[in-house]
Every structure is written in structure tokens, then in C-alpha cells.
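Working notes, beginning with the structure itself.
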Amino acid sequence: MGYFFSVLLMIGGILGENADDEVTVETVDEGFSPDIPYESPKVTDPKVVYFAEHFDDPARFDRRWIKSEAKKEGIEEEIAKYDGIWGLEPSQKDSLPGDKGLVLKSKAKHAAISAPLLKPFVFDKKPLIVQYEVLLQDGQECGGAYLKLLSESPESKNLNNFHDKTPYTIMFGPDKCGNDHKLHFIFKHKNPLNGSVEEKHCQKPKERLEEAFSDKLPHLYTLVLRPDNTFEISIDRNVVNSGSLLEDFVPPVNPPQEIDDPNDKKPEDWDEREKIPDPEATKPDDWDEDAPAQIVDETAVVPEGWLENEPTHIPDPDAVKPLDWDTDMDGEWEPPLIENPTCVTAPGCGPWEPPLINNPAFKGKWRAPMIDNPNYKGKWRPRKIPNPDFFEDKEPFKMTTVSAVGFELWSMSKDILFDNIIVTEDIVIAEKWASDTFDKKRQKIAKDSESVIQKLANVTNEYPFLWGVYIIVLAIPVVFVLYLCCKPSSSASQTQEKEELREAAEKKKTDDVTEDVEEDNNEVEAEPEVNDEDEEKNSEPDSEEDNEAVEDANKPSGEGARKRKVRKE
């Protein structure tokens with residue numbers, strides 16, 4: 001680690017030397033990321049905005065938002081109350097300075113909070129854009145994070161009593177339980193004939209939604225609803241679902257023009273069978289329905305070596321009656337049976353029976369062949385009649401006027417953060433709102449997650465001459481390691497010298513003919529040279545063999561070589 005700090009210092013020194021070249025380097029301490037500049041977003045054109053909330057002003061939040069004090073109907077008293085806890089907080093990580101959000105702090109509790117629009121949104125010739133952020137800081141196990149656009153009604157005027165039955169026009173946002181990931185877009189449609197209200201559910205998007213529920217990052221949800229009855233749903237500006245209010249909702253907005261007549265009954269003589277048995281077919285005379293499917297093979301013989309007198313199983317000779325065996329309670333004890341070891345190598349044991357084979361005469365039950373039914377009339381269906389409840393609403397976009405927004409939730413996960421809600425009729429305003437808020441959050445996250453290597457790469461792209469510095473700096477440890485691996489050690493050279501001396505001594509001890517070895521006086525200190533012939537002549541022989549060897553040594557050799565007999569030790 002110290003080495004790499006030295007590298008960074010070296011790079012800093014090199015950059016410092018280039019100060020005269022008007023190169024400016026911004027130094028950043030390790031582990032510190034400069035904050036992305038943030039200001040609470042402002043609405044540039046209030047005329048086209050119906051609601052805008054950034055949650056950065058606690059005083060404004062307290063004046064505007066109303067926590068529900070209602071109770072859910074039809075459930076036990078202790079869990080019916082809307083007692084979920086709401087708070088204004090920055091995100092737990094990667095937060096921008098001064099940026100706060102609405103946080104659902106509690107889990108497994110009913111929670112509801114709402115706020116009135118600046119002015120009601122009337123569905124006429126203006127598009128509706130609903131946009132807000134969701135950050136599942138603790139993930140999502142089971143629960144919703146959707147937003148409701150409350151209908152203008154007497155119930156919505158008293159937001160202290162906001163609950164699950166409060167009329168709403170649109171419900172939009174993510175929801176998950178188990179492996180079921182949803183992105184709701186539900187609108188309530190009013191029947192023009194009888195005034196009844198029915199929920200219309202958008203078909204599921206084909207795009208996968210799992211990542212937005214698990215990555216613990218802020219996500220931007222946008223709904224664009226147009227007067228031509230088309231819609232688009234986006235996550236982080238990527239369209240994940242789109243279609244028509246008239247075609248892509250269940251149940252459909254407009255009922256069918258005709259329905260099945262509930263009073264129409266199928267005639268008794270109506271024949272729906274396409275095929276019937278041939279009534280003119282008869283069973284052949286030689287058809288034997290009683291013949292068995294298999295018969296005994298009359299040609300089979302007992303295999304050679306079959307042990308008919310040997311049982312297939314015998315009592316286990318090693319079995320011992322348990323000590324707690326009670327004859328009165330358990331009966332007479334008998335050892336368990338094991339396979340007869342005598343039968344292991346034999347073809348078989350016990351009484352032999354010939355095998356069964358398929359009966360060639362077997363035909364089974366006779367059935368007449370199938371033919372086309374001459375009386376077939378097809379599948380019966382009741383006749384169609386005009387639908388008495390039919391209507392055709394060609395403008396389902398014209399929904400009930402919206403007067404407030406609210407969250408009415410129950411979740412098994414805590415710390416769900418909502419932020420930067422905007423309801424407008426101008427998509428440009430919504431885009432600008434997201435640029436001032438959501439985009440900066442993602443920039444902050446990207447910058448904080450940038451690694452040291454990435455930062456070095458960014459600096460290197462700006463100053464290409466640093467590649468040479470990296471090569472030199474990285475080459476130093478490589479060369480050093482190679483030097484350590486390849487350097488001959490002093491102990492190795494000493495060992496080699498000793499080995500050479502040992503081999504020379506071994507050669508002097510042998511009885512074979514050897515050439516004289518000249519030793520280098522400069523490398524090894526040796527005793528004064530003594531002529532071998534003089535030494536042998538002057539030394540006293542130890543035995544007759546030695547005398548003979550001396551005499552032989554004094555004789556000239558035909559090959560010019562000199563043989564020596566080394567005294568045995």
C-alpha cells in the first residue's frame with residue numbers, strides 16, 4: 001500500500017513539474033467525493049402545474065400534508081388504525097446536501113397521508129403527467145409504493161379521514177408481494193348508463209421489473225395520459241408499457257354489443273359428436289375376446305444348474321435374539337431371512353416355473369371402427385342477443401376530476417422514501433423537474449461508486465503522458481522480483497566448488513587410468529607439489545602388492561601414459 005502512495009506522490013510531482021504548461025489538476029482525498037450542487041427544484045410555469053412537492057421544506061410540509069386519523073373498516077380494532085409513521089429525512093446513503101424525502105418509517109402498519117392539489121385537474125383537452133420518485137431503502141418484501149390521485153368528492157375534502165375506501169381516479173406506482181412484481185395503472189371508470197364505478201386495470205408490462213425492487217436505488221416513475229386515450233408508463237425515462245385505454249385494460253371499458261342469451265337451451269336432439277362407432281360393423285367370427293394376453297412358454301426347459309431343492313432365503317445364522325424380546329408379548333422369536341448364499345452362483349433356486357410369453361391369439365375386446373357422424377351439428381352455443389347494458393364510451397380519458405394526491409399503504413418493509421412529486425400537463429416541465437432532482441441523485445451515486453482505478457483512468461485520459469509514468473513505475477517491482485529470482489546465491493557457488501573438489505578427489509581414489517589434473521593455484525590453496533614418482537619411490541611399501549606396483553610404475557608404458565596405484569586406506 002505504501003508503494004502505491006509513493007506512486008501517487010510521484011504522479012503528483014510529475015504533474016507539478018508541468019505547472020508551467022498550464023496544466024491544472026484537482027486533487028481529491030481518498031474516500032471523499034465532492035457533492036453534486038443541489039437546489040430545491042422550482043416550477044417555471046405555475047399555470048400548467050397542479051401539484052409539485054420536493055419535501056425539502058419542513059414548515060411547508062406541515063402546512064400542506066395531512067396525516068390520516070381514519071380506521072379501516074371490517075378488520076380488528078388493534079390493526080385498523082392508520083398509525084404508520086411518516087417523516088422527512090435525507091436518504092440513508094448518497095444523499096444530496098439539503099435534499100429530503102417523505103419516508104414511511106414503520107412496517108406492517110397501515111399508513112396514509114395526503115395533500116390537496118394547487119388546483120383541481122379536469123380531464124378535458126390537456127394531457128396528464130404524473131411523476132414521482134421511489135427509493136426502497138430496505139428493499140421490498142411485500143407491500144405497495146403507489147400514489148393515488150383522489151377524486152373530487154365530499155370524502156376527499158376531509159383528508160383527515162383518508163382511507164382505502166376514499167374515492168380515487170387513478171392509482172399509479174409499484175407494488176410487490178413475493179415473486180409478483182407489479183407496476184399499477186388503475187383508473188376508475190363511471191358507467192354512463194347507471195352511474196356505477198368500476199376499476200380498470202392496465203395489462204402487465206412485458207418488461208422485467210424485478211431490479212427496481214431489489215437494487216435499493218432511487219427510481220423515477222412517470223405516467224403520461226393523453227386526451228386521445230393513449231398512455232405511456234416509464235421507469236427512469238425508459239418506456240416499459242404503453243397502449244390505449246380502450247384496448248389494454250381489464251375488464252374493457254366498453255362492454256360487448258351482444259351477449260349470450262341466458263334463456264337459450266341446447267335442444268335434446270343436438271348431436272355434438274364428430275365421430276361415432278360404425279353401426280354396420282360386426283365382430284369377426286374368429287375374434288376371441290377371452291384369450292389371455294400371456295400364456296406359458298411350452299418350449300422352456302429348466303436351466304442347467306437350477307437348485308430346486310434349495311430355498312431362495314434362509315434364516316440369518318448370525319442373528320441374535322434381542323435381550324428385550326418378550327415371548328409372551330412378541331411371540332416366538334425367529335431370525336430374519338437373508339438370501340441363500342448357495343443361490344448366488346446358481347441360475348436359480350426353489351421350484352422352477354416356465355416363463356410367460358405374449359399370446360399370439362390375443363386380440364382384446366372388439367370395438368367397431370369410428371366413422372364421421374352424419375348427424376353432427378357442431379358445438380352448441382347459445383344464440384346472441386343485444387346487450388341491454390351496452391354503451392360505447394369513446395373518451396374514457398375524461399375521468400373524474402382530481403383534487404388531491406395521497407399515499408395509502410401497507411408494507412412489510414420500512415424506510416420507503418418518496419420524493420419530487422409533480423402533476424402537470426406539460427411533459428417539458430416534468431422533464432426539467434426530473435433533471436433538477438432525480439438526475440443529480442443518480443450522478444451523485446455514480447460519482448460515489450467510482451473506484452480509485454476509474455479515477456486514475458479519467459486522469460490518464462486527460463493527461464496521456466501518465467501512461468509512460470505507469471509503465472516505469474510498474475516495471476520497477478517486476479525487475480526487482482526477476483532479479484531476486486535469477487540472482488545466483490553465494491551459498492550455491494560455494495556448494496558448486498565443494499562438489500567439484502569432491503569429484504576430483506573421487507577420481508584420485510579410483511584404480512582406473514586417469515590423466516593428470518592440473519589445479520589452479522590462483523583459485524584453491526594446495527599443499528606444495530610433490531612429484532608422484534619421487535613420492536612413490538621414497539615412501540616405504542606397505543605390502544608386496546605395493547612393491548610390485550612401484551616396480552611397474554618405474555617401467556615405461558607403451559602408450560605414454562602413467563598408471564598409479566593409490567595406497568588403500
Side-chain angles (χ1 to χ4, degrees), residues 121-131 144-153 155-156 164-177 179-209 221-235 238-264 379-403 405 408 423 425 427:
F121 181 86
V122 179
F123 292 87
D124 46 23
K125 297 181 180 180
K126 309 178 296 292
L128 172 68
I129 296 96
V130 181
Q131 182 174 276
Y146 40 78
L147 178 70
K148 287 184 176 181
L149 276 63
L150 305 184
S151 306
E152 188 174 47
S153 64
E155 293 91 336
S156 62
D164 59 321
K165 298 296 191 298
T166 301
Y168 69 87
T169 300
I170 290 176
M171 188 174 89
F172 169 64
D175 188 11
K176 179 210 170 192
C177 198
N179 293 323
D180 188 12
H181 303 77
K182 297 178 181 179
L183 180 51
H184 289 300
F185 172 28
I186 304 171
F187 74 93
K188 288 193 174 182
H189 179 261
K190 186 175 182 179
N191 189 315
L193 295 182
N194 54 28
S196 63
V197 176
E198 186 177 36
E199 288 185 352
K200 309 296 181 180
H201 293 250
C202 180
Q203 294 179 355
K204 282 189 174 183
K206 296 179 181 179
E207 302 291 331
R208 297 181 63 87
L209 306 173
Y221 293 89
T222 307
L223 168 65
V224 179
L225 189 56
R226 304 182 184 92
D228 63 357
N229 301 314
T230 60
F231 72 91
E232 279 186 356
I233 298 174
S234 302
I235 302 178
N238 297 316
V239 177
V240 297
N241 201 358
S242 61
S244 168
L245 298 179
L246 292 168
E247 300 172 1
D248 299 297
F249 283 77
V250 179
V253 169
N254 295 315
Q257 288 184 330
E258 293 184 326
I259 60 172
D260 294 337
D261 184 357
N263 299 318
D264 190 17
K379 296 295 181 182
W380 182 86
R381 293 180 178 84
R383 64 174 175 267
K384 295 290 186 180
I385 61 172
N387 184 0
D389 298 323
F390 172 73
F391 62 84
E392 187 176 16
D393 183 357
K394 295 183 178 181
E395 296 180 308
F397 170 79
K398 293 186 176 180
M399 305 175 190
T400 305
T401 299
V402 175
S403 62
V405 298
E408 188 271 315
V423 179
E425 62 185 62
I427 189 63

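Side chains are part of it too, since the values below use all heavy atoms of this structure and drop only hydrogens, waters and symmetry mates.
- Minimum interatomic distance between D175 and H184 (heavy atoms only, all atoms of both residues): OD2-NE2, 3.0 Å.
- D164 has no carboxylate O lying under 4.0 Å from a charged side-chain N of K148, or vice versa, which leaves the two without a salt bridge.
- Separation of the F172 and F187 ring centroids does not fall under the 6.0 Å cut-off.
- Contact annotation: the side chain of P174 approaches that of Y221 to within less than 4.5 Å [non-hydrogen atoms, C-beta and beyond].
- Taking the side chain as every heavy atom from C-beta outward, I186 and I170 never approach each other to under 4.5 Å.
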(Q) L147 vs V405, test: side-chain contact (heavy atoms from CB on, under 4.5 Å). Steps then yes/no. (A) CA-CA 7 Å; L147 178 70; V405 298; 4.2 Å; yes
Q. Can F231 and C202 be said to form a side-chain contact (heavy atoms from CB on, under 4.5 Å), step by step?
A. CA-CA 10 Å; F231 72 91; C202 180; 3.5 Å; yes
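- With sequence neighbours left out, D228 forms a side-chain contact (heavy atoms from CB on, under 4.5 Å) with R226, T230.
- The NZ atom of K165 sits 9.0 Å away from atom CD of E408, with the distance rounded to the nearest 0.5 Å.
- P167 places none of its side-chain heavy atoms less than 4.5 Å from the side chain of L150.
- Atom CG of residue L246 and atom CD of residue E392 lie 8.5 Å apart, to the nearest 0.5 angstrom.
- Shortest non-hydrogen contact noted between G243 and D248 is CA-OD2, 3.2 Å.
- No more than 12 heavy atoms of other residues, nucleotides or ligands lie within 6.0 Å of NZ in K190, so this atom counts as exposed by the packing criterion.
- Note that the NZ atom of K398 and the CG atom of D393 stand 9.5 Å from one another [nearest 0.5 Å].
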Q. Checking salt bridge (charged side-chain N to carboxylate O under 4.0 Å, His left out) for the pair K204/D180: CA distance, chi angles, key distance, verdict?
A. CA-CA 11 Å; K204 282 189 174 183; D180 188 12; 3.0 Å; yes
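- Here the side chains of F391 and P255 are in contact, with some heavy-atom distance below 4.5 Å.
- In this structure, the side chain of N229 engages the main chain of K394 through a donor-acceptor pair within 3.5 Å.
- Using a 4.5 Å cut-off on side-chain heavy atoms (C-beta onward), I235 and L209 make contact.
- Here the closest non-hydrogen pair linking E232 and S242 is CG-CB, 4.0 Å.
- Side-chain atoms of N241 and L183, non-hydrogen and from C-beta on, never get closer than 4.5 Å to each other.
- For the residue pair Y168 and E199, a side-chain donor N or O sits within less than 3.5 Å of a side-chain acceptor on the partner.
- Using a 4.5 Å cut-off on side-chain heavy atoms (C-beta onward), E198 and H189 make no contact.
- Across all non-hydrogen atoms, the minimal contact from D389 to L193 is O-CD1, 3.7 Å.
- Sorted by first then second residue, the side chain to side chain donor-acceptor pair (under 3.5 Å) pairs that include residues 249-258, not counting sequence neighbours, number zero.
- The closest donor-acceptor contact from the side chain of T400 to the backbone of S151 lies at 3.5 Å or more, if one exists at all.
- Judged by the 6.0 Å and 45° rule, K182 forms no cation-pi pair with Y146.
- With sequence neighbours excluded, the residues forming a side chain to side chain donor-acceptor pair (under 3.5 Å) with D264 are R383, listed by chain and number.
- Here the closest non-hydrogen pair linking Q203 and E247 is NE2-O, 4.3 Å.
- Residue I233 is tested with T222, L223, L225, V239 for a side-chain contact (heavy atoms from CB on, under 4.5 Å); the sole match is L223.
- Annotation for P396 and M399: closest pair O-CG, 3.3 Å, computed over non-hydrogen atoms.
- Using a cutoff of 4.0 Å between basic side-chain nitrogens and carboxylate oxygens, K384 and D260 are scored as salt-bridged.
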Q: Decide yes or no on side-chain contact (heavy atoms from CB on, under 4.5 Å) for F123 and T169, but give the supporting numbers first.
A: CA-CA 11 Å; F123 292 87; T169 300; 4.0 Å; yes
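- Ring geometry for F185 against F249 counts as perpendicular: the plane angle is over 60°, on a 0 to 90° scale with 30° as the lower cut.
- A heavy-atom distance below 4.5 Å is found between the side chains of P388 and I259.
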